[in-house]
Amino acid sequence: MLNIYAVDEQLEQVKESIRRNEMPEISVSPGYGRLLTIMVKMSQASSILEIGALGGYSGICLARGLKDEGRLVSLELKEGFARIAEQNLQAAGLGDKVKYRIGDALLSMEQLVQEAETFDFFFIDADKIHAPEYLEWSIRLARPGAIIVGDNSFLHGKTLDPNFNGPGVQGIRRFNQQMATDPRLESTLIPAYDGLVIARVK
Ligand code: SAH
Ligand code: MG
């Protein structure tokens, strides 16, 4: 049933470049990639902040949903990864929509607040330890009605298993809890693939 979708050549190229460069093969799942494009279109977002670029798979999915004047800012710790992501967005014809900010996303987000930047769509998908902090900064950077999406709610089942308590697992558990209970948000968790949480800032 899942392979009724045509092979997406641009995204296949991204996966190939990730393998070639020996980067981690942890791009967002294809079904959620398609969902990101649809959600950006549905929300008519014009300004997206992505936290964690890797090879540009989710970046392409997000940028595909933007209108002509829409922009994506993508935060990535590793310069080499950001460069590969940029090449992949260029190859997909989306290079002029994206700007990469290299370095620790926490610092980049603090900087964006200082620059009085705001966004109407967020995709939180960097290291899991700091996911709760990424959520706090996202809320600060959000316009009213902004959409905040977080990937990997289950962390390959670890968040559901009390035997796992590493810092990343604890980070995602806190993130999921915060997404579910923060009075500034309304949210839902989609339990397919590795889990995805979608929130709207009130
Ligand atoms: N969103 C991507 C996958 C991201 S994987 C996709 O679905 O296509 C997580 C990424 O977060 C990695 O590229 C990793 O280098 C980056 N990362 C890890 N710690 C970070 C930090 N502190 N600040 C910014 N990026 C970070
Ligand atoms: Mg992810």
Side-chain angles (χ1 to χ4, degrees), residues 8 10-37 39-40 48-65 72-92 94 97-113 119 121-138 141 147-159 166-169 171-172 175-176 179 189-198:
D8 189 315
Q10 292 178 339
L11 295 177
E12 285 305 312
Q13 288 299 317
V14 174
K15 292 200 147 179
E16 174 51 32
S17 82
I18 286 174
R19 285 190 290 269
R20 203 172 48 240
N21 291 287
E22 295 175 11
M23 294 159 72
E25 294 181 42
I26 52 171
S27 304
V28 74
S29 60
Y32 284 156
R34 286 191 293 272
L35 181 60
L36 288 175
T37 306
M39 284 193 291
V40 171
I48 306 175
L49 184 64
E50 174 181 62
I51 301 131
L54 190 67
Y57 189 106
S58 57
I60 288 176
C61 297
L62 292 164
R64 278 177 177 170
L72 166 68
V73 174
S74 182
L75 311 182
E76 174 54 51
L77 181 64
K78 298 192 174 176
E79 191 176 353
F81 288 7
R83 214 172 279 147
I84 288 161
E86 190 165 32
Q87 285 165 12
N88 285 330
L89 266 84
Q90 265 159 16
L94 298 163
K97 290 197 181 303
V98 63
K99 287 254 179 318
Y100 288 90
R101 288 197 182 210
I102 295 155
D104 185 353
L106 287 177
L107 298 178
S108 299
M109 293 179 97
E110 192 178 344
Q111 221 165 47
L112 288 164
V113 167
F119 299 88
F121 198 106
F122 298 81
F123 183 49
I124 301 178
D125 191 27
D127 66 285
K128 305 309 175 191
I129 298 174
H130 296 113
E133 283 97 321
Y134 297 143
L135 178 55
E136 271 305 326
W137 283 108
S138 296
L141 287 161
I147 301 296
I148 302 178
V149 180
D151 193 26
N152 309 105
S153 321
F154 299 143
L155 220 53
H156 317 291
K158 289 181 186 171
T159 59
V169 177
I172 285 286
F175 175 82
N176 292 342
M179 285 286 260
L189 191 157
I190 306 186
Y193 302 102
D194 198 25
L196 194 81
V197 195
I198 303 169

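Both counts, for ligands and for their atoms, begin at 1 and track the order of listing. Note that these values count all heavy atoms, side chains included, but never hydrogens, waters or copies made by symmetry. Just so it is clear, the model here is predicted, and its values are computed rather than measured.
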Within-cut-off N or O pair, G56 and ligand 1, under 3.5 Å: no
P24 contact mode with ligand 1 (heavy-atom cut-off under 4.0 Å): neither
N or O pair under 3.5 Å between L54 and ligand 1: yes
Under-4.0 Å salt bridge between E16 and R19: yes
D125, N/O/S atom nearest the Mg ion (ligand 2): OD1
The Mg ion (ligand 2) - name of the N/O/S atom of D151 that sits closest to it: OD2
Residue portion contacting ligand 1 (non-hydrogen atoms closer than 4.0 Å) for Y32: neither
Salt bridge flag under 4.0 Å for residues R64 and D8: yes
Salt bridge D125-K128, side-chain N to carboxylate O under 4.0 Å: yes
Part of Y57 with heavy atoms under 4.0 Å of ligand 1, whether side chain, backbone, both or neither: both
Distance-only N or O hit between ligand 1 and L77, under 3.5 Å: yes
Whether S108 side chain and L75 backbone form a donor-acceptor pair below 3.5 Å: no
N, O or S from D194 under 2.8 Å to the Mg ion (ligand 2): no
A105, any N or O under 3.5 Å of ligand 1 N or O: yes
Metal site the Mg ion (ligand 2): N/O/S of N152 inside 2.8 Å: yes
